[in-house]
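All ligand and atom numbering here is 1-based and tracks the order in the structure.
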Amino acid sequence: MPQAQVLRNRPGIRHEDWSQWPTIPLEQMESTFSVQQYIQNMVRHDASDVKKIVEVPEGQDRDLWRYELLRQVCQDLNNFVVLLEPECTASSCPEMKALEWLYLCAGHPNPQQCSALDYIIHTLDSATALLNSQKYFPSRVSIPPTSLKHFSNVTRRLYRIFAHAWFHHREVFTEFEIESHLYARVLYMIKYFDIMPDDALVVPADACMTDLPEIDRSSMVSDE
Ligand SMILES: [Zn+2]
Ligand SMILES: [Zn+2]
């Protein structure tokens, strides 16, 4: 039996030791939420290592891995919204735009036009609600095949948050990306799981603060 480890920062911890607990091998994590915890640990340990974080480890269920990656992205995006909030207001951004593209908010029974910040909050809330829904994702052990399509839809909508921030709030984008590498992680997910074609990726790859490994897309299996 592996020894149980308590993963928390102790009082008086030095800043450089913050969250630097050792990464536990996945097969040794026995709790129900092991995949989620494992991904969280990797992000805390080195958020810039997107290849390690995103790629499905050997023996892991691909769909379950993707599900947990996406849930983690939603969690981390909440921190981005906190930074964006003072900059992205109803008067600075009355519409959800990225350059000339205008996006309708799908967080309503009928898609409607929301201010950029409302769009971002509604999109994130509806993505989180969907991923936590008992109806579409009833178990943490396997993903129903009919729910797989939601991964791509959610990722595409979340991508627009980065697009808006890149084109309209560049400083906030960069400040957050340096620390979190969240855009790099999402971009690598999009490429690795073949979610969007390259010409739909409006944010340039050099928005990443870390080098993305090349992916041979011809070898990837797409959901659609
Ligand atoms: Zn804005
Ligand atoms: Zn809305």
Side-chain angles (χ1 to χ4, degrees), residues 43 47-48 50 66-67 69-137 146-191 195-210 212 223-224:
V43 171
S48 72
V50 293
R66 234 183 123 174
Y67 170 76
L69 281 176
L70 206 47
R71 275 169 38 91
Q72 189 62 40
V73 166
C74 288
Q75 263 187 42
D76 294 344
L77 263 171
N78 282 305
N79 298 326
F80 191 31
V81 174
V82 171
L83 280 183
L84 269 176
E85 255 174 337
E87 307 282 327
C88 183
T89 62
S91 54
S92 77
C93 310
E95 299 173 318
M96 178 59 177
K97 286 183 127 174
L99 280 184
E100 72 267 34
W101 294 281
L102 175 70
Y103 302 118
L104 288 182
C105 183
H108 310 269
N110 295 310
Q112 67 178 56
Q113 200 174 305
C114 286
S115 71
L117 186 66
D118 281 348
Y119 177 104
I120 289 167
I121 291 170
H122 298 164
T123 299
L124 199 48
D125 284 352
S126 61
T128 306
L130 179 79
L131 294 172
N132 288 325
S133 125
Q134 280 292 315
K135 184 176 164 204
Y136 297 112
F137 301 99
T146 48
S147 294
L148 292 177
K149 61 176 186 289
H150 295 303
F151 292 153
S152 300
N153 291 340
V154 166
T155 310
R156 270 194 289 265
R157 285 191 194 124
L158 295 177
Y159 182 85
R160 295 170 187 166
I161 299 176
F162 295 102
H164 176 76
W166 173 258
F167 288 109
H168 301 276
H169 309 283
R170 186 74 51 93
E171 270 180 37
V172 180
F173 180 103
T174 307
E175 182 193 343
F176 185 69
E177 187 61 18
I178 287 172
E179 288 285 325
S180 70
H181 300 283
L182 185 57
Y183 177 66
R185 195 193 320 160
V186 169
L187 183 59
Y188 196 71
M189 280 170 64
I190 287 171
K191 287 171 179 278
I195 295 167
M196 290 163 70
D198 282 339
D199 59 10
L201 301 172
V202 294
V203 180
D206 62 12
C208 298
M209 305 292 159
T210 180
L212 285 196
D223 297 323
E224 290 138 310

Count of N, O or S atoms belonging to protein, less than 2.8 Å from the Zn ion (ligand 2): 4

Close side-chain approach of L187 to V50, heavy-atom, < 4.5 Å: no

Protein N, O or S atoms lying under 2.8 Å from the Zn ion (ligand 1), listed by chain and number: C88 SG, C93 SG, H164 NE2, H169 NE2

Within 6.0 angstrom of Y136 OH, more than 12 heavy atoms from elsewhere: no

Residues Y183, Y159; criterion side-chain hydrogen bond (donor to acceptor under 3.5 Å, both in side chains); working and verdict: CA-CA 8 Å; Y183 177 66; Y159 182 85; 3.1 Å; yes

Pairwise distance OH(Y67) to CG(L148) - rounded to 0.5 angstrom: 12.5 Å

Verdict with reasoning, R160 to W101, per side-chain contact (heavy atoms from CB on, under 4.5 Å): CA-CA 10 Å; R160 295 170 187 166; W101 294 281; over 6 Å; no

Within-4.5 Å side-chain heavy-atom neighbours: D118 and M96: no

Heavy-atom neighbours of E171 CD exceed 12 at 6.0 Å: no

Short side-chain to backbone donor-acceptor contact, S92 and E87, under 3.5 Å: yes

Any donor-acceptor N/O pair, H164 side chain to A98 backbone, under 3.5 Å: no

